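The block underneath contains the structure these notes are about, expressed in structure tokens.
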Amino acid sequence: MDVVYLAIDILITMGDTRSMAKQKYKKYTNEKLSEAVDLIKRGILTNTQASKRFDIPRKTLGDYLKGKSTLGKKGGQKPYLTPSQDSSLANYVRTATSLARSRVAVSSQNVIDDYFSLLNTTIDKLGLTDKPAQIWNADEAGFGKETEQIKQKIIATTGTKNPYRQQMTDYDHITVLACASAAGTFMPNMLIYTKSLPSGRYASEMPSNWIFSSSENGYITRSLFEDWFSRIYVPNIGMRRPNLLVLDNHSSHLSLKVIDMAIENDIEILGIPPHTSHFLQPLDQIFHPLRSTYSDLALNIGLVKADMVIKKNKFAIVLSRHRIKRGHRI
């Protein structure tokens, strides 16, 4: 399994890249170190003389003489990952080796075949072939001003060079994190607003088990995904184990906390190959028509009332009522 790029991403997130920096390695053997320490203890050589003869730093010799370091004990930095976590990168976060490096021809038939081969192998290994209720897919969809920018024909006076339409939303980016099983079961949603939650009673008519959060730009973050994983995903998968969760390889979807929760709850995470989610992501089959229809609603709302807009504190209500009317179950 090619999980190196995932491990590096975790180290960067932890705010410490020392393990990836070029380091100066020792040029002496443990045998030479042991001999140098012995000669110093016997008074045959001074610390400085031993350092020059054996090419060992004086500080290193001093640490062993003072008992700060022990001969025979492996040095170096303390590992960031425990053996269990290190193993879980391969056992719980999977993606085919060829897929992670297929950035040039990601749409090739080989990439698709390799992914589905891994998916089928994982499902068989977990014994989930006839258990669709234990196979899940989670994904995010964005809504906001950019949602309105889908091209649409408009009527304008002949000769108009730059026809425009009134903006029909007053909010920045909002992310909807949804999750569904292969059996058609949908979990509660998480909504992520830009900078802050809306004012007013934005959640008064919404299901009580939905989560409302915010981030600087309205997009998912590692901490928000961890919150979703612990408060929505794990509590809603029921008692049946194991479970398989299919995700795209966005950096926010992987952290030590998520890995530990996955191990603890017998959940295996399968990564969709980079840059292929537009045709391999199951929930895109729901999000695409939902965003398109929502865009039509936002663009045409002015036909009802010229100054009407979808406000930030009404987004969740409009989305919820709209998806029931249109049959989109998210």
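Since this is a predicted model, take the numbers as computed values, not measurements.
Among residue pairs with one or both ends in residues 223-239, those qualifying as salt bridge (charged side-chain N to carboxylate O under 4.0 Å, His left out) are Asp227-Arg231; sequence neighbours excluded. Under the ring-ring contact (aromatic ring centres under 6.0 Å, His included) criterion, the residue pairs touching residues 252-271 are Phe225-His253, His250-His253, with sequence neighbours excluded.
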Does the side-chain contact (heavy atoms from CB on, under 4.5 Å) test come out yes or no for Ile192 and Thr221, once each step is laid out? CA-CA 10 Å; Ile192 305 168; Thr221 64; over 6 Å; no
Going through the distances and angles, do Thr185 and Trp136 end up as a side-chain contact (heavy atoms from CB on, under 4.5 Å)? CA-CA 9 Å; Thr185 304; Trp136 300 87; 4.2 Å; yes
Phe186 vs Asn236, side-chain contact (heavy atoms from CB on, under 4.5 Å): CA-CA, chis, key distance, verdict: CA-CA 9 Å; Phe186 283 75; Asn236 282 280; over 6 Å; no
Could you go through Arg53 and Leu39, starting from their C-alpha distance and side-chain angles, then the distance that decides it, and tell me whether this counts as side-chain contact (heavy atoms from CB on, under 4.5 Å)? CA-CA 11 Å; Arg53 176 183 294 189; Leu39 291 174; 4.3 Å; yes
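For the residue pair Leu197 and Ser213, the shortest heavy atom distance occurs at CD2-O, 3.4 Å. Considering all non-hydrogen atoms of both residues, Ala133 and Asn243 come closest at O-OD1, 4.3 Å. For Thr122 against Glu268, the heavy-atom pair with the smallest separation is CG2-OE2, 4.0 Å. Nearest approach of Pro188 to Trp228, heavy atoms of both residues: O-NE1, 4.4 Å. When all heavy atoms are compared, the tightest approach of Leu128 to Ile135 is O-CD1, 3.7 Å. In terms of heavy-atom proximity, Pro273 sits nearest to Leu280 at CD-CD1, 4.0 Å.
Rounded to the nearest 0.5 angstrom, Ile237 CD1 and Ile232 CD1 are separated by 13.0 Å. A distance of 11.5 Å separates CG in Leu126 from CD1 in Ile267, rounded to the nearest 0.5 Å. Residue Ile272 holds its CD1 atom at 7.5 Å from CG of Leu247, rounded to the nearest 0.5 Å. To the nearest 0.5 Å, the span separating OH on Tyr219 from CG on Leu177 amounts to 14.5 Å. The OH atom of Tyr115 lies 9.5 Å from the CG atom of Asn120; values are rounded to the nearest 0.5 Å. A distance of 10.0 Å separates CD in Glu140 from CG in Leu283, rounded to the nearest 0.5 Å.
Each of Val176, Val246, Asp248 was scored for a side chain to side chain contact (heavy atoms under 4.5 Å, CB included) with Asp139, with one residue passing: Asp248.
Looking only at distances, no side-chain donor or acceptor of Arg58 sits under 3.5 Å from a matching main-chain atom of Asn47. Thr175 contributes a side-chain N or O that, together with a main-chain N or O of Gly218, makes up a donor-acceptor pair within less than 3.5 Å.
The shortest side-chain heavy-atom distance between Ser252 and Leu224 does not fall under the 4.5 Å cut-off. Leu118 is not listed as a side-chain neighbour of Asp114, based on a closest heavy-atom distance of 4.5 Å or more. Taking 4.5 Å as the limit, some side-chain heavy atom of Lys52 sits within range of a side-chain heavy atom of Thr48. Here the side chains of Gln281 and Phe287 are not in contact, with every heavy-atom distance at 4.5 Å or above. Proximity of Leu33 to Phe54: side-chain heavy atoms (C-beta onward) are nowhere separated by under 4.5 Å. Residues Asn217 and His173 form no side-chain contact, since every pair of their non-hydrogen atoms from C-beta on lies 4.5 Å or further apart. Residues Tyr233 and Asn265 are not in side-chain contact: their nearest non-hydrogen atoms beyond the backbone lie 4.5 Å or more apart. Side chains of Phe229 and Leu245 form a contact here, defined as non-hydrogen atoms less than 4.5 Å apart.
Atom CZ of Arg241 sits in a crowded spot, with more than 12 heavy atoms from other residues, nucleotides or ligands closer than 6.0 Å.
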